[in-house]
Number of protein chains: 2
Amino acid sequence: MGLTKTEIFTDEQNQLATLLKAMAHPARIAILQRILISNTCICGDLVGELGLAQATISQHLKELKNAGIIQGTIEGVSVCYCINPKTWKLLETQLGAFLGEYKGETACC
Amino acid sequence: MGLTKTEIFTDEQNQLATLLKAMAHPARIAILQRILISNTCICGDLVGELGLAQATISQHLKELKNAGIIQGTIEGVSVCYCINPKTWKLLETQLGAFLGEYKGETACC
DNA sequence: ATTTTATATTGCAATATTACGATGCATCTT
DNA sequence: AAGATGCATCGTAATATTGCAATATAAAAT
């Protein structure tokens, strides 16, 4: 079918899955790293740095924006992107709780 | 095309993307949470608890296993699954470094 | 040996993703 | 006003994902 049955899962599970999915692509990880490294907004520079076409990068940026992970502001001719602090904090919290739930050392398999 | 251009990204970016992708589905998050909560192996109980068909769950388990996130051992008739400590630790390290790279408060957009 | 039980695999249909060229749409420059 | 610049969007092709019924496989019980 190709259609996820979201209705049988909790809102938290769906939300975390959506956020992870938005990041689950090397291009989008590269984009986020680029924004994180410069610690400011990134205006356009992305095209040319990654080896992808402009249309493709625009599409990846859109996905990150739709997931609420980044936000963009029009700055004259170009558009500036930066991390959305609120979502990033949510991500840290949710993922931290999720990953931290593993109490290791029980290795039964 | 539908085919990711992995060759233009670093191994780290591709690896993290693969791990995130393996977790980026509510059913797989639910499966992992189920394993984490009981803090032991889970044998079969999954079918019936989630509202998905047996074939579907088996497929999700396979994806988690392929990504190295869980491991399974045949236990008589059934199969026991548990977290792969090595991958889980890798995930904590990589994701921690990635998420922690955000030095917030610069909000320029 | 046959049946039951638990999981895996196969085949299929519906939908989603990835990538790009072409094109549209603002804004800035001249 | 007429380019030039920087993104976004559309359309399209190739491939991937999701979900399930049906079937296969393997071990345990009868």
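Just so we're on the same page: letters track the sequence lines, and every chain starts at 1. What's counted below: heavy atoms across the whole structure, side chains too, no hydrogens, waters or symmetry copies. Owing to the predicted nature of the structure, the values given are computational and were not obtained by experimental measurement.
Rounded to whole Å, atom P of D:dA8 lies 12 Å from atom CG of A:Asn66. Counting to the nearest Å, the P atom of C:dA8 and the CD1 atom of B:Ile74 are 8 Å from each other. Computed from coordinates, the B:Ile57 CD1 to D:dC20 P distance equals 9 Å when rounded to whole Å. Rounding to whole angstrom units, CD1 of residue A:Ile29 and C1' of C:dT18 are separated by 15 Å. At whole-Å resolution of the value, CD1 in B:Ile31 and P in C:dT7 are 12 Å apart. Here the P atom of nucleotide C:dT17 and the CG atom of A:Leu64 are 13 Å apart, to the nearest Å. Note: CD (B:Gln54) to P (C:dT5) measures 14 Å, nearest angstrom. Across the protein-nucleic acid pair, B:Lys65 atom NZ and C:dT9 atom P stand 7 Å apart, rounded to whole Å.
Base engagement by A:Ser58 is indicated by at least one non-hydrogen atom pair under 4.0 Å involving a base atom. B:Leu52 comes within contact range of the sugar-phosphate backbone alone, with a heavy-atom separation under 4.0 Å but no base atom that close. The residue B:Ala53 sits close only to the backbone: its heavy atoms come under 4.0 Å of sugar-phosphate atoms, none of a base. The residue A:Val79 sits close only to the backbone: its heavy atoms come under 4.0 Å of sugar-phosphate atoms, none of a base.
The 5' end of DNA chain D is approached more closely, in terms of each residue's nearest nucleotide, by A:Cys80 than by the other of A:Thr6 and A:Cys80. Residues A:Val77 and A:Ala27 each lie close to DNA chain C; by heavy-atom proximity, the contact nearer the 5' end of the strand is made by A:Ala27. Projected onto DNA chain D by closest heavy-atom contact, B:Ala55 and B:Glu63 fall at different nucleotides, the more 5' of which corresponds to B:Glu63. Residue order along DNA chain C, read from the 5' end via each residue's closest nucleotide, puts A:Leu3 first among A:Leu3 and B:Phe9.
For D:dA16, neither phosphate oxygen OP1 nor OP2 lies less than 4.0 angstrom from any side-chain nitrogen or oxygen of B:Lys21. The side chain of B:Thr56 places an N or O atom within less than 4.0 Å of a non-bridging phosphate oxygen (OP1 or OP2) of D:dC20. For A:Tyr81 and D:dA8, the shortest distance from a side-chain N or O to OP1 or OP2 is below 4.0 Å. Between B:His25 and D:dG19 there is a side-chain polar atom (N or O) within less than 4.0 angstrom of OP1 or OP2. Using a 4.0 Å cut-off, some side-chain N or O of B:Lys5 falls inside it from OP1 or OP2 of C:dC20. Under 4.0 angstrom from either OP1 or OP2 of C:dT17 there lies no side-chain N or O belonging to A:His60.
With A:Glu101 as the fixed residue, the side-chain contact (heavy atoms from CB on, under 4.5 Å) test singles out one of B:Leu36, B:Ile83, B:Ile35: B:Leu36.
Side-chain contact check for A:Pro85 versus A:Gln71: some heavy-atom pair is nearer than 4.5 Å. Between B:Ile74 and B:Val79, the closest side-chain pair of non-hydrogen atoms falls below 4.5 Å.
Aromatic ring pairs are classed by plane angle as parallel below 30°, tilted from 30° to 60° and perpendicular above 60°; the pair A:His60 and A:His25 is tilted.
In plain terms, the two heavy atoms of A:Ala67 and A:Leu19 that are nearest each other are O-CD2, 3.7 Å.
Side chain of B:Arg28 to backbone of B:Ala22: a donor-acceptor contact under 3.5 angstrom is found.
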